[in-house]
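Inspection log for the structure reproduced underneath, given as structure tokens.
Just so it is clear, the structure is predicted and the values come from calculations on it, not from any experiment.
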Number of protein chains: 2
Amino acid sequence: MTRTVFEKADVIPLVAEVFRELGYEGASMSKITARTRLSKGSLYHFFPGGKEEMASEILAHIENWFIRNIYEPLERDDPLKAIHNMWREVDAYFRSGQRICLVGAFALDETRDRFASGIRQYFRRWIDALCAALVRAGASTDAAAVISEETVGGIQGGLILSRALHDETLFERTLAGLAERVTKCVREDAGR
Amino acid sequence: MTRTVFEKADVIPLVAEVFRELGYEGASMSKITARTRLSKGSLYHFFPGGKEEMASEILAHIENWFIRNIYEPLERDDPLKAIHNMWREVDAYFRSGQRICLVGAFALDETRDRFASGIRQYFRRWIDALCAALVRAGASTDAAAVISEETVGGIQGGLILSRALHDETLFERTLAGLAERVTKCVREDAGR
DNA sequence: TTTATACTGTACTAAACAGTATAGAAGGAG
DNA sequence: CTCCTTCTATACTGTTTAGTACAGTATAAA
């Protein structure tokens, strides 16, 4: 009999995809074992704390991805380039709206209260990093604060709408619209 | 012993609130009975089809509310007044972001597939009604289509963000920002 | 006052649930 | 080879789940 051997680093994205598709409550252990092809033994070996530990590690894994690929570039690199990189990475990460934001989904029901600090931090840091990049690019502090909040919110709304309407083009349209407004905001303020 | 007698019209909003707090999968029959104080017998009397029938009737109830209070005014009344009315009603309905959009939440996981047509219709009609009102108010067809999509998406994003950040002021700020952009869009196009 | 209807409460079943225990397989170290 | 560690598979626990059955209660009409 063939035995597939996993490492924790391989398991987390696999389980994450199940949570993404079914939500925290919808993802029962049996659904997770069925969809990942991992046995209960393996899952409890990697996550002795069960579902709660899985979700907690997944959230940390997601946050690390965003820190490395989005937040740190925004904080460190040339702001306009980093923002351009953000649109590209976000579109790829959410597969043009075919893949949801697990953190956003968790925020909508009582799951939020279990992982409150992780969820809060994910959005807080995203908004703050974008805001700081906009200020460095020449936007006013006030305008940057407003538009960075609208941008992160707009992305979440775009994900909901594109799924609800089964419209694969909607998310990319949303990103393009947000990108245009961000660019305009920087141009206007920098031109003063 | 006192016996509280309900009608279906009273039961739907009660059960809806439980779905809103816990999501479709999280709302088990025992949680529903505990939070609504309705017995299993009563619930299955009103909804012989169980959870699926409950959610289906709740979605219909929500859509009716939006038709009466938002979509029809947008389609029928003075467009600027109807749009102004929309901001007020939406803020009240979602309790300034303290209450989520059940339809949006359903759209994020596999629950979407169970209620696909209801979910699609809710957003489709909202966007279309707003778009038509904007055109009647003097906006160009293209600009109206873009901004009405951004508005409905922006509302959903604002709900996620205000919950995620535990920021009660964020949703109202989002609505105010959207209202400003909508007003500007109408003014610019009508002035041509 | 009888009788039908509408609603409630509870006891029940079978399936699904989270989690545990444990035996065993693979692979490397000695 | 043996031994140890890491990972997998499955059988098992008690609990919770959705849903059914049915007896019981209030109300209104006849």
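With the nearest nucleotide of DNA chain C identified for both B:Lys40 and B:Lys8, B:Lys8 has the one nearer the 5' end.
A:Ile127 is listed as a side-chain neighbour of B:Leu165, based on a closest heavy-atom distance under 4.5 Å.
In this entry the distance linking CE of B:Met29 with P of D:dT20 reads 10 Å, nearest Å. Rounded to whole Å, the distance from CD on A:Glu7 to C1' on D:dT5 is 14 Å. Rounded to an integer number of Å, the gap from B:Glu25 CD to C:dA18 P is 11 Å. Atom CZ of A:Phe6 and atom P of D:dA9 are 9 Å apart (whole Å). Rounded to an integer number of Å, the gap from B:Leu38 CG to C:dG9 P is 8 Å.
A search for ring-ring contact (aromatic ring centres under 6.0 Å, His included) contacts involving B:Phe123 returns nothing, not counting sequence neighbours. Applying the ring-ring contact (aromatic ring centres under 6.0 Å, His included) criterion to A:Tyr122, with sequence neighbours excluded, gives A:Phe66, A:Trp126.
Using a 4.0 Å heavy-atom criterion, one finds that A:Ser28 contacts the sugar-phosphate atoms exclusively. Using a 4.0 Å heavy-atom cutoff across all strands shown, B:Ser39 reaches at least one base atom of the nucleic acid.
B:Asp109 places no side-chain N or O within donor-acceptor distance of the main-chain N or O of B:Gly23, the cut-off being under 3.5 Å. In this structure a side-chain-to-backbone donor-acceptor pair under 3.5 Å is present from A:Arg136 to A:Leu74.
Of all the residues in residues 42-54 of chain B, B:Ser42, B:His45, B:Phe46 reach under 4.0 Å from DNA chain C with at least one non-hydrogen atom.
B:Phe115 and B:Tyr24 have perpendicular rings, their planes meeting at more than 60° on a 0 to 90° scale where under 30° would count as parallel.
Contact between the side-chain N/O atoms of B:Ser30 and the OP1/OP2 oxygens of D:dT16 is not found at any separation under 4.0 Å.
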